[in-house]
A.B. asks: 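If you scroll down you'll find the structure; I have some questions about it.
Order of the sequence lines fixes the chain letters, A, B, ..., with proteins taken first and strands second; residue numbering starts at 1 for each chain.
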Number of protein chains: 2
Amino acid sequence: MAIPKTTDLIAVSKHFQALADPLRIQIIELLREQELCVCDLCDRLEVRQSKLSFHLKILKEAELVRGRQQGRWIYYSLNLPQFVHLEQYLSEFRRLSPILPARICSDRPE
Amino acid sequence: MAIPKTTDLIAVSKHFQALADPLRIQIIELLREQELCVCDLCDRLEVRQSKLSFHLKILKEAELVRGRQQGRWIYYSLNLPQFVHLEQYLSEFRRLSPILPARICSDRPE
DNA sequence: TTGACAAATCAAATTTTTTTGATTTGATAG
DNA sequence: CTATCAAATCAAAAAAATTTGATTTGTCAA
């Protein structure tokens, strides 16, 4: 398994960052049930509309959700392939042997 | 699949938060190779020791890494079961049908 | 058109996270 | 003991993320 490039690692951390907020996780949990419009999310989560918009933008930029306009409403839903992508990043660790080889750390030259 | 409790969701977001930083992802990538002491991580990542200590603490609190003291050195390694745990959280989304049922959002009473 | 309403954007205030340099703690070797 | 060195802790500064309320944008219906 090759070591990922630094730029890839930054991308990975950015995606995890989108999941690093309780409200955003709650949004995702609600969308797991069904597609919802912003006003429904507002009602259920009891947060202001602009606050929700801010968090939806972060989730959208991380490609974890998608917005579909219909009339005056925008319906948000999960972008499942992106979840699979993150799952795969984590799954690589499962392949490692449970005990990593120790490495003796002694005083180095100069 | 039951809806997780709010407290669980906060815990989930906390764990993802630990992965939400490029340096911490880099630390994890290095530890994927082998157990390393703090001074080695400092050298390889070219960051100050106190900075590394700060980030290692976050990873340790999220149970993503473990520290093992040996003499003056503390060797850090990955705590693989925790990675599996997060992987499983994400894997639940794979079971969802790709297209979630739309829900019509119309004007609600009053 | 105009009015109503859903959602996005924006700037300012607030909160949280991260960085930095200095200090402390704890273990070892002499 | 005492020197030394690895690592943690701490307080202050800096940077980044989040919240808030007001405003704007876009769509639809009358």
A.B. asks: On the nucleotide dT18(D), are OP1 or OP2 found under 4.0 Å from the side-chain N or O atoms that R24(A) carries?
C.D. replies: yes
A.B. asks: For R48(A) and dA22(D), what is the distance between atoms CZ and C1' respectively, to the nearest whole Å?
C.D. replies: 11 Å
A.B. asks: Can you tell me the distance, in whole Å, between the NZ atom of K57(A) and the P atom of dC10(C)?
C.D. replies: 7 Å
A.B. asks: It should be established whether Y76(A) places a side-chain nitrogen or oxygen under 4.0 Å from OP1 or OP2 of nucleotide dA6(C).
C.D. replies: no
A.B. asks: Applying the side-chain contact (heavy atoms from CB on, under 4.5 Å) test to L78(B), which of L30(B), I27(B), I28(B) qualifies?
C.D. replies: I28(B)
A.B. asks: Nearest nucleotide by nearest heavy atom, which residue falls closer to the 5' end of DNA chain D, Q69(A) or K51(A)?
C.D. replies: K51(A)
A.B. asks: Rounded to whole Å, please give me the gap between CZ in R72(A) and P in dA6(C).
C.D. replies: 7 Å
A.B. asks: Within this structure, what is the CD1-to-P distance between I10(A) and dA16(D), rounded to whole angstrom?
C.D. replies: 13 Å
A.B. asks: Go through the N and O atoms of the side chain of Q49(A) and the base of dA8(C), and report whether any donor-acceptor pair is under 3.5 Å.
C.D. replies: yes
A.B. asks: Nearest whole angstrom, please: distance from the P of dT18(C) to the CD1 of I27(B).
C.D. replies: 11 Å
A.B. asks: Quick check for you: to the nearest 0.5 Å, what is the distance between Q70(A) atom CD and C105(B) atom SG?
C.D. replies: 10.5 Å
A.B. asks: Please confirm whether the backbone N or O of P81(B) pairs with a side-chain atom of H85(B), one donor and one acceptor, at under 3.5 Å?
C.D. replies: no
A.B. asks: Which whole-number value in Å describes the distance from L56(B) CG to dT18(C) C1'?
C.D. replies: 14 Å
A.B. asks: How many Å lie between CG on L23(A) and C1' on dT15(C), as a whole number?
C.D. replies: 15 Å
A.B. asks: Counting only side-chain N and O atoms of H55(A), is one of them less than 4.0 Å from OP1 or OP2 of dT19(D)?
C.D. replies: yes
A.B. asks: Looking at L56(A), L52(A), L36(A), which one forms a side-chain contact (heavy atoms from CB on, under 4.5 Å) with Y76(A)?
C.D. replies: L56(A)
A.B. asks: Assign Q70(B) to base, sugar-phosphate, or nothing according to its heavy-atom contacts below 4.0 angstrom with the strands shown.
C.D. replies: nothing
A.B. asks: NA contact type, Y75(B), heavy-atom cut-off 4.0 Å: base, sugar-phosphate, or nothing?
C.D. replies: nothing
A.B. asks: Rounded to whole Å, how long is the line connecting atom CD of E46(A) with atom P of dT19(D)?
C.D. replies: 15 Å
A.B. asks: Could you work out which one of dT18(D), dA8(C), dA7(D) sits closest to the side chain of I74(B)?
C.D. replies: dA7(D)
A.B. asks: Compare all side-chain heavy atoms of L19(A) with those of L19(B) and state whether any distance is below 4.5 angstrom.
C.D. replies: no
A.B. asks: Going by an N to O cut-off under 4.0 Å, is there a salt bridge joining E92(A) and R95(A)?
C.D. replies: no
A.B. asks: Report the base-pairing partner of dA3(D) (Watson-Crick or G-U wobble, both distances below 3.5 angstrom), or none.
C.D. replies: none
A.B. asks: Between dA17(D), dT9(D), dA7(C), which one does the side chain of C37(A) approach most closely?
C.D. replies: dA7(C)
A.B. asks: If you check every side-chain atom of D21(B), which of dA7(D), dT18(C), dA7(C) has the closest atom?
C.D. replies: dT18(C)
A.B. asks: Heavy atoms under 4.0 Å, any strand shown: does L41(A) hit a base, just sugar-phosphate, or nothing?
C.D. replies: nothing
A.B. asks: So what does L52(A) hit on the nucleic acid, given a heavy-atom distance under 4.0 Å: a base, only sugar-phosphate, or nothing?
C.D. replies: nothing
